[in-house]
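We name chains A, B, ... by the order of the sequence lines, and we start the count at 1 in each one.
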Amino acid sequence: MLRLTLRTLLARKVRLLMSGLAIVLGVAFLAGVLVFSNALSATFDGIINGSTPDGVVRAQDTDEFSGGVGGQSAQAMTPEVVASLAALPEVARADGDVAGAGLNLLASDGTLVGGTGAPTLSFNYHDGPNMRGEQALLLQKGRWPTADGEVVLDQRAAESGGYDIGDEVKLLAPFGELSRTARLVGIAEFNGGGTAGATLLILSTHEAQEIFYQGRDVFNRISLTAADGVTQKELAAAADRVLPPGFEAVTGTKVAKDSQDAVGGFLDVITIFLTVFAIIAVLVGGFIIVNTFSILVAQRTRELALLRALGSSRSQVTRSVLVEAFVLSLVSSTLAIGLGLLLARGLAAMFRSFGLDIAGRALDLTGDTVLTSYAVGIVVTMVAAYLPARRAGRVPPVAAMRADTTPERSSLRRRVIVGSAVLAIGAGFAAYGVRDSDALWIGVGAVLWILTVAALSPVIGKPVLAACRTLFAALFGAAGRLAGENALRDPRRTGATASALMIGLALVSTIGVLAASLNASVDDVVDDQFTADLLVQSPTFLPFSTEIGDRIATIDGVGVMTRQQFTSARYDDGSVFVAGVDDRFADVFDLDAVHGADRVSEDGAVVTTDFAAEHDMAVGDAVDLSFPGAQRLRAEIVGVVEQSEVTSEITVPLDDLAAAGVLRQDTSIGILLAPGADPRTVHDRVDEAATPAPIVGVYDKTEFADEIRGQVNQLLYIIYGLLALAIVIAVIGIVNTLGLSVIERTREIGLLRAVGMSRAKVRRMVTLESVTIAVLGAVLGMALGLLVGTLLQRALAEDLTSLGLPIAQLVAFLVVAIVVGVLAAVIPAIRAARLDVLDAIANE
Amino acid sequence: MQAVAARAIDLHKRYGAGDSEVRALDGVSLDIAAREFTAIMGPSGSGKSTLMHCLAALDTPTSGDVQIGDVTLSGLRDKALTTLRREQIGFVFQAFNLVPTLTARENILLPLYLAGRRGSFGGADREWFDTVVDTVGLRDRLTHRPSQMSGGQQQRVACARALVSKPSIVFADEPTGNLDSTSGAEVLGFLRRSVDEFDQTIVMVTHDPVAASYCDRVVFLADGRIVDEIRTPDREQILEHMTALQAAAVRGQA
């Protein structure tokens with residue numbers, strides 16, 4: 001029996017190849033994501049472990065890898081502290097670090113290098129070793145910076161800036177005077193591989209102190225190297241005894257772990273995001289397998305019945321189909337893993353363009369990746385093939401003798417009844433989700449709906465199919481009419497084929513509705529909350545030098561200017577974002593007070609309703625915030641306000657932040673024009689003031705809304721791109737079904753040719769059937785997507801205030817579906833038209 | 001009294017219900033003698049195929065019983081029926097007799113493969129295989145696929161397959177229906193020899209008087225009932241009976 005199975009498999013290799021392809025693509029994507037995410041964490045692990053010393057002295061409550069959004073603490077240690085540490089017997093050496101964020105590299109043409117994706121890391125050079133006793137930094141070219149005005153960059157930064165060794169490099173300072181220059185003296189990278197996309201600016205100690213501490217001879221970190229035989233713990237404990245208050249010594253292992261945790265959260269988001277799309281692709285592939293095997297089993301009814309008549313048992317027949325599926329899944333998964341390696345390179349290239357550079361040599365297969373890919377490929381294929389295989393076992397032996405081979409079809413009634421019930425259950429979940437504003441329940445309902453609509457598509461789809469038949473008959477005559485009839489002949493097959501496409505389009509349309517709603521809501525929010533005439537800030541919310549604000553303040557036509565600085569702080573063992581605002585903030589922006597005041601006062605903070613509810617606080621209570629270096633800020637709550645996009649969960653006076661040791665920078669500047677000032681002129685002047693700092697942009701209301709929309713749309717296009725794979729797999733499904741249908745209808749097509757249908761018309765007939773299937777999938781998918789998207793908008797109405805329907809996009813999807821239908825039909829249509837009339841009729 | 005290879009006892013088979021009810025078999029009782037070549041004849045719709053399907057354990061009757069050898073079929077589960085078909089019954093169909101992906105040799109040995117005896121046909125099995133292959137004259141075709149053989153050759157492969165497992169009874173459903181007269185004669189000659197030389201029992205459904213004339217006994221069916229029977233017939237006798245039956249049918253309809 002095994003031999004027969006394998007022989008059958010070989011004899012149908014073309015047909016199986018196509019269904020195998022569906023599995024190959026899905027599993028390849030999964031394997032690619034796994035390879036990529038492994039490489040991603042391997043890259044960061046390499047850098048973290050390669051650049052962390054035995055012990056680190058740092059300000060208490062320091063977040064590792066915060067990316068620079070939180071600003072910089074003024075807390076620092078003097079060279080005496082470094083010397084006292086170095087004098088400890090447990091310490092082999094102590095090296096003072098000056099590390100900061102906010103210094104940016106400009107290309108030779110003045111544009112920003114990096115800065116929007118991975119962070120720009122600036123620090124002083126010293127030759128302290130890492131935990132493994134190796135160099136933490138590796139010099140690739142030139143020499144290390146030793147004097148003021150010298151800088152070392154990483155290879156990528158130097159290339160994208162257009163700098164060679166010896167060139168003057170343009171820098172953008174985080175404090176004070178914006179523009180600086182330095183001479184490029186060398187190229188370096190982290191020990192452990194590359195920079196993961198970060199831009200490295202390595203300076204002499206004095207220069208770093210100049211930039212970050214106005215020339216004070218201080219350090220914000222100290223790297224410790226343990227003496228021989230001293231453990232990291234002993235090292236940290238010894239160092240702790242001589243440290244000034246507000247500072248702590250931690251082991252290198254802990255620093256590395258903290259960094260890995262901080263990065264891990266961010267990497268998990270990327271991995272989960274990509275994995276979701278891989279799962280979708282695999283599931284769509286599973287649909288194709290169910291369908292292909294169903295058709296293959298139906299076509300082999302007589303052969304299977306012959307086997308049964310000759311004495312093979314039900315389980316033998318079922319098993320033979322399952323063995324076929326197993327071999328197919330084995331071959332497909334193997335191919336998929338190879339293809340996955342290539343896809344991982346593609347993903348790496350895509351993320352490189354977003355500024356996340358992973359070490360190329362890390363893109364390799366691990367045992368886990370191989371095992372997972374095989375497991376998923378095999379399990380999905382076997383599960384998908386199980387139903388058709390069981391149906392194969394049920395073929396009665398007497399079917400071998402029947403003239404017609406169409407197997408008896410049980411009624412769809414049971415499916416309709418069960419399906420309607422499940423649809424209703426899904427509606428229940430969705431209704432619950434809308435009522436409780438909980439998108440998760442709507443998601444559960446949506447998954448139920450998608451699966452049920454797929455199962456019910458033979459029934460639900462009938463009107464669509466009938467409409468296509470009528471339309472095509474009117475437009476294309478006999479070929480159109482026959483195409484419509486063919487699609488209606490086996491609604492199960494048509495429905496199942498269309499379902500794969502439906503899943504993809506349902507997701508695409510849901511995302512489309514959400515994005516359109518988000519875009520529509522942006523206008524509401526901007527109209528309602530962004531009451532400033534002009535807004536100056538970085539698209540990624542990076543802080544910038546107060547110098548820009550100083551320049552703007554002097555511009556003629558600027559009436560009121562308010563500064564705002566965001567920073568992170570610790571509250572109740574958690575991390576919170578705190579906004580510091582000056583006393584003109586309330587003149588520009590309106591906060592809606594629920595209790596108490598709508599603006600901050602001296603040592604008086606304003607919190608949002610969510611924050612107040614979460615921490616059970618009211619007006620009159622005090623919030624205790626801690627900042628790096630054991631700095632505390634205690635503020636009384638003077639007002640509880642509605643959630644707003646213009647500030648954070650906690651708003652305090654700007655002076656309080658500075659008092660808590662946060663180095664002053666601005667995150668956002670709001671401007672009201674002076675009465676009678678010309679908006680265009682003032683806009684141009686503010687632009688000019690901000691020009692030296694390409695990290696910030698100047699936006700009026702429309703531009704600001706466009707900027708946000710641009711970001712929404714960028715994400716939207718990425719999601720569309722990732723969903724495209726599911727669509728491609730669905731197209732393979734259509735090709736598969738059509739190809740098999742053409743083989744099945746060989747005699748019929750021969751007959752049509754014999755009675756005078758031209759080759760062109762045969763081609764058209766097959767193409768139109770394909771278009772019908774595609775349109776069915778598109779219509780069902782878009783209907784579902786619109787419904788789910790609208791419900792999600794209702795559930796999220798607090799943030800998504802307006803419902804947006806992407807009508808133009810939906811029309812485009814329909815057109816794409818038709819094109820997909822035409823493309824999917826190309827090969828089957830050619831095969832059908834090529835059938836020789838006589839052979840076709842003689843075919844037994 | 002000869003031994004009975006298969007027996008039908010008051011078989012009824014109905015399809016559909018109410019007005020659209022069709023009585024394919026309407027009380028058929030029949031003994032198939034061992035080592036005989038029996039033909040079942042009758043006009044289309046007379047129920048001859050249904051009778052054979054029921055006798056061959058391919059289909060279950062609405063009521064009545066079938067015995068193959070000593071075994072009563074009613075109440076047997078699918079597994080037992082499968083084993084019975086594999087070990088006791090051989091089949092030759094009108095068309096689609098062979099698995100297209102297997103060679104002639106593999107098709108012939110398929111029942112043995114299915115029984116799990118693949119590759120191990122030493123001794124008697126091997127001799128028997130050679131005898132059967134030589135009798136049907138396919139020695140030089142064994143490595144061919146069905147698509148590389150003529151219809152007659154394909155049908156002879158099917159006959160060889162039916163005999164190779166030494167079943168107690170072989171059922172043939174219009175085995176010559178798709179063949180020209182020369183090929184048909186070859187196949188029928190082979191079936192005849194397997195009864196005469198190998199003591200095989202064969203039941204054949206046919207509407208071809210020439211084919212039926214190879215048989216020891218012809219049973220006539222009309223409207224789901226046995227209406228007539230002749231032994232050691234010649235072609236003219238059969239034709240006479242058929243004509244009479246058809247005339248009766250026409251009168252019945254009028």
Q. Would you find more than 12 non-hydrogen atoms of other residues, nucleotides or ligands less than 6.0 Å from Y386(A) atom OH?
A. no
Q) Under a 4.5 Å heavy-atom cut-off, does chain A meet the side chain of E106(B), its backbone, both or neither? A) side chain
Q. Is the number of heavy atoms from other residues, nucleotides or ligands under 6.0 Å of L142(B) CG greater than 12?
A. yes
Q.
Restricting to non-hydrogen atoms, name the atom on R308(A) and the atom on R85(B) that form the minimum distance, rounded to 0.1 Å.
A. O-NE, 3.0 Å
**Q.** Heavy-atom pair of closest approach, residues L310(A) and L110(B)
**A.** CD1-CD2, 3.8 Å
**Q.** Nearest atoms (heavy-atom pairs only) where L58(B) meets A309(A)
**A.** CD2-CB, 3.7 Å
(Q) Taking atom NE2 as the centre, does H12(B) end up with more than 12 heavy-atom neighbours from other residues, nucleotides or ligands that are less than 6.0 angstrom away? (A) yes
(Q) Taking atom CG as the centre, does D65(B) end up with more than 12 heavy-atom neighbours from other residues, nucleotides or ligands that are less than 6.0 angstrom away? (A) yes
